[in-house]
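For reference, the structure discussed in these notes is given below.
Within every chain, numbering begins at 1; the chains are lettered A, B, ... in the order of the sequence lines, protein sequences first and strands thereafter. Worth knowing before you read on, the calculation uses all heavy atoms, side chains too, and leaves out hydrogens, waters and symmetry mates.
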Number of protein chains: 2
Amino acid sequence: MHNTVAAATIPEAFVRLVAMDRSVPRMDAAESRAWLALVSTAELLPAALDAQLQADSQLTHFEFIALTVLKDAEHNTLRMKELAAATNATLPRLSKVATRLESRGLVERQARSDDGRAIDVRLTTAGRRALVLATPGHIETVRRLVIDHLAPEQLDALADALEPLVQRLDPQARWGPKRISGRR
Amino acid sequence: MHNTVAAATIPEAFVRLVAMDRSVPRMDAAESRAWLALVSTAELLPAALDAQLQADSQLTHFEFIALTVLKDAEHNTLRMKELAAATNATLPRLSKVATRLESRGLVERQARSDDGRAIDVRLTTAGRRALVLATPGHIETVRRLVIDHLAPEQLDALADALEPLVQRLDPQARWGPKRISGRR
DNA sequence: AGTAGCAAGTTGCCGTGGCAACTACTTCTC
DNA sequence: GAGAAGTAGTTGCCACGGCAACTTGCTACT
């Protein structure tokens with residue numbers, strides 16, 4: 001009645017044959033397990049981070065990252081373009097976020113004198129304070145959810161496995177340690 | 001002039017002291033590296049999957065997953081509630097997605113006779129065809145982006161590290177090996 | 001049997017992100 | 001040095017997800 005019946009009648013040997021045919025891509029059990037874990041993590045982790053930061057500090061994870069990058073920048077200031085690159089955001093997205101953060105007094109925007117198109121974003125004192133208040137809870141969450149459950153070798157293995165993936169996903173190398181120039 | 005200067009004058013010994021104070025949660029270099037890789041992956045991977053599926057098959061990653069779950073279900077049919085659980089979606093979200101998929105003829109909805117509140121979603125022939133067309137390209141992408149770059153031990157290590165994390169992120173165990181009530 | 005409470009789905013509203021179009025400014029080229 | 005081309009940033013429109021409110025149907029309690 002249903003095609004599942006047809007599938008159930010396919011001989012096991014034929015299934016194995018097809019599984020070896022790389023022109024019809026398949027995944028074996030170990031591959032599927034790793035993929036399922038990874039894709040589930042990728043789906044669930046951002047929501048968990050957003051939920052905690054939003055509840056405790058009224059910040060999205062992206063806003064938190066943006067503020068953190070600004071804090072570590074010289075003079076707490078970056079150009080929109082630079083901040084967008086450092087946070088892996090498009091310029092339109094960052095522009096809207098900057099508008100929100102500015103309306104809450106956490107950052108300030110100021111036109112640059114040396115390039116009339118460019119805008120500097122600076123972390124304000126209030127922004128720094130908000131970040132200082134938000135950071136411990138966020139790190140605690142990261143530890144509780146992830147870090148504290150992994151042995152040192154696992155931490156290294158995870159980083160070793162995922163760093164090349166990030167490079168592949170992010171050809172512009174916007175994320176990661178700021179060795180934009182030296183990579184490749 | 002700026003507080004970066006103040007930070008630079010903090011004695012190194014004091015920095016080490018603070019780093020050991022667990023009441024102010026910190027992360028060491030290995031932890032930060034793993035966390036950065038993981039959070040970057042979690043940010044970038046869903047967009048990459050959506051982009052490929054959308055470009056090649058006009059499907060979001062979530063729609064692809066929903067169709068796949070339906071294909072593996074008995075009679076290609078699940079209740080909305082079950083499908084939502086199996087795909088880690090809220091019912092409102094799934095309801096909207098089902099509306100979209102139904103308008104494209106990929107699924108059908110039908111009220112259940114045994115429970116007037118419940119709705120069955122069934123994969124149509126057209127839906128199965130769309131899925132069959134979409135799957136090879138998707139698996140190829142998953143291989144190209146992730147799987148083919150990991151050694152077998154890395155696959156296992158990744159799964160071992162992330163599976164407990166998924167459990168923690170998803171207390172309802174909606175995701176993962178399908179031991180949802182009804183099926184299996 | 002009747003009502004109170006619960007469960008399944010749908011809809012509406014809102015917030016956020018992507019992309020394309022637009023403005024304003026700078027740089028390149030002849 | 002003027003127009004063409006490119007760059008920085010903003011805005012508008014659309015798609016999607018979350019949550020709350022709503023509808024409908026079931027269940028439990030008396």
Could you write out each protein N or O paired with an N or O of nucleotides 4-7 of chain C at a distance under 3.5 Å?
unit_1: C:dA7; atom_1: O4'; unit_2: B:Arg117; atom_2: NH1; d: 3.2

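B:Arg112 comes within 4.0 angstrom of nothing in the nucleic acid, heavy atoms only. B:Ile119 comes within contact range of the sugar-phosphate backbone alone, with a heavy-atom separation under 4.0 Å but no base atom that close. Backbone-only contact: B:Arg109 has heavy atoms under 4.0 Å from sugar-phosphate atoms and none from a base.
No donor-acceptor pair closer than 3.5 Å links the side chain of A:Ser32 to the backbone N or O of A:Ala29. A side-chain donor-acceptor contact under 3.5 Å links A:Asp50 to the backbone of A:His61. Put simply, the side chain of B:Gln54 never gets that close to the backbone of B:Ala51: no donor and acceptor are under 3.5 Å apart. Side chain of B:Thr141 to backbone of B:Gly137: a donor-acceptor contact under 3.5 angstrom is found.
Contact check, A:Thr90 against C:dG18: a side-chain N or O comes under 4.0 Å of OP1 or OP2.
For DNA chain D, the span of nucleotides reached by chain A at under 4.0 Å from its heavy atoms goes, 5' to 3', from D:dG6 to D:dC13.
In this structure, A:Ser113 and B:Met80 both approach DNA chain C, and ranking their closest nucleotides by distance from the 5' end singles out B:Met80. The nearest heavy atom of DNA chain C to A:Val97 and to A:Gly116 marks one nucleotide each, and the one closer to the 5' end goes with A:Val97.
Taking the six-membered ring where tryptophan is involved, the planes of A:His138 and A:Phe64 are tilted, since the angle between them lies from 30° to 60°.
Put simply, the side chain of A:Thr41 reaches to within 4.5 Å of the side chain of B:Val166, judged on heavy atoms.
Evaluation of atom-type donor-acceptor distances gives no pair under 3.5 Å for the side chain of A:Lys96 against the base of C:dG15.
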